[in-house]
Structures are given as C-alpha cells and as structure tokens.
Amino acid sequence: MADVFDMLSSVKTALNITGTYQDSTMQMYIDEVNEYMLAAGVPASLIGTKTTAGTVARGVSDLWNYGAGSGQLSSYFYER
C-alpha cells in the first residue's frame, strides 16, 4: 500500500512547527497557497503533492505573519 502524502504534516515539518494548536490556521494558508498556484497555471495534478510541498511551505511561511499586516508572498515563492 502506498503512503498517503500529508501536506499539512510536510509544511509543519518544514517550518519546525509541532503540535496541533495551529492546524486549522495552517490548513487555511495551505489552501490559499494551493489556490494561488492553481490560478497561476500550476497543473492541478501537482497541487497537494510532494513536488510542490517546499513551495507551499514557503508560501505559508510568507503569509503567516500573526496579523502584522505585511503578509506577502516572497520573490522566492514567485520564482518557484
């Protein structure tokens, strides 16, 4: 049986986040980044896969700013 890829777990690992307290918030950001990538022309077949996990983690990190008002996607995210 193939392993099921879990984007939330992957992003949390990349950002060194543990526990479940912020899972709902993180999932909202993951969904937002995925929608942005889809609208930008990333094939739907790649959304939610290991192939895009690093880019999604970067986007989540860019947007996660605890309400400081400057949550913007970085130039690195755009280049990926």
Student: Check whether any side-chain N or O of S74 sits under 3.5 Å from a backbone N or O of F77 as a donor-acceptor pair, and report yes or no.
Tutor: yes
Student: Hey, could you give me the OG1/CG distance between T55 and L73, rounded to the nearest 0.5 Å?
Tutor: 11.0 Å
Student: For a side chain to side chain contact (heavy atoms under 4.5 Å, CB included) with V33, tell me which candidate from V56, I47, T52, V11 qualifies.
Tutor: V56
Student: Apply side-chain contact (heavy atoms from CB on, under 4.5 Å) to the pair Q72 and D62, showing each step before the final yes or no.
Tutor: CA-CA 6 Å; Q72 299 177 358; D62 289 345; over 6 Å; no
Student: Determine yes or no for a side-chain-to-main-chain donor-acceptor pair under 3.5 angstrom, with K12 supplying the side chain and G19 the backbone.
Tutor: yes
Student: Of T25, L8, I30, which is the lone residue that meets side chain to side chain contact (heavy atoms under 4.5 Å, CB included) with V60?
Tutor: I30
Student: Between the side chains of Q27 and D31, is a donor N or O closer than 3.5 angstrom to an acceptor N or O?
Tutor: yes
Student: Going from OG on S61 to CG on N16, what distance comes out if it is rounded to the nearest 0.5 angstrom?
Tutor: 11.5 Å
Student: For A53 and F5, which heavy atoms make the closest approach, and how far apart are they?
Tutor: CB-CZ, 3.8 Å
Student: I need the N34 CG to T49 OG1 distance, nearest 0.5 Å.
Tutor: 9.0 Å
Student: To the nearest 0.5 Å, what is the distance between CG on L15 and CE on M26?
Tutor: 5.0 Å
Student: Any link between L63 and L38 through a network of hydrophobic side chains (Ile, Leu, Val, Met, Phe, Trp, Tyr) touching at under 4.5 Å?
Tutor: yes
Student: Quick check: do Y78 and R58 have side-chain heavy atoms less than 4.5 Å from each other?
Tutor: no
Student: Identify the heavy atoms of D6 and S9 that sit nearest to each other, and give their distance.
Tutor: OD2-OG, 2.7 Å
Student: Consider only side-chain heavy atoms of I, L, V, M, F, W and Y, link residues closer than 4.5 Å, and tell whether M37 and M28 are in one cluster.
Tutor: no
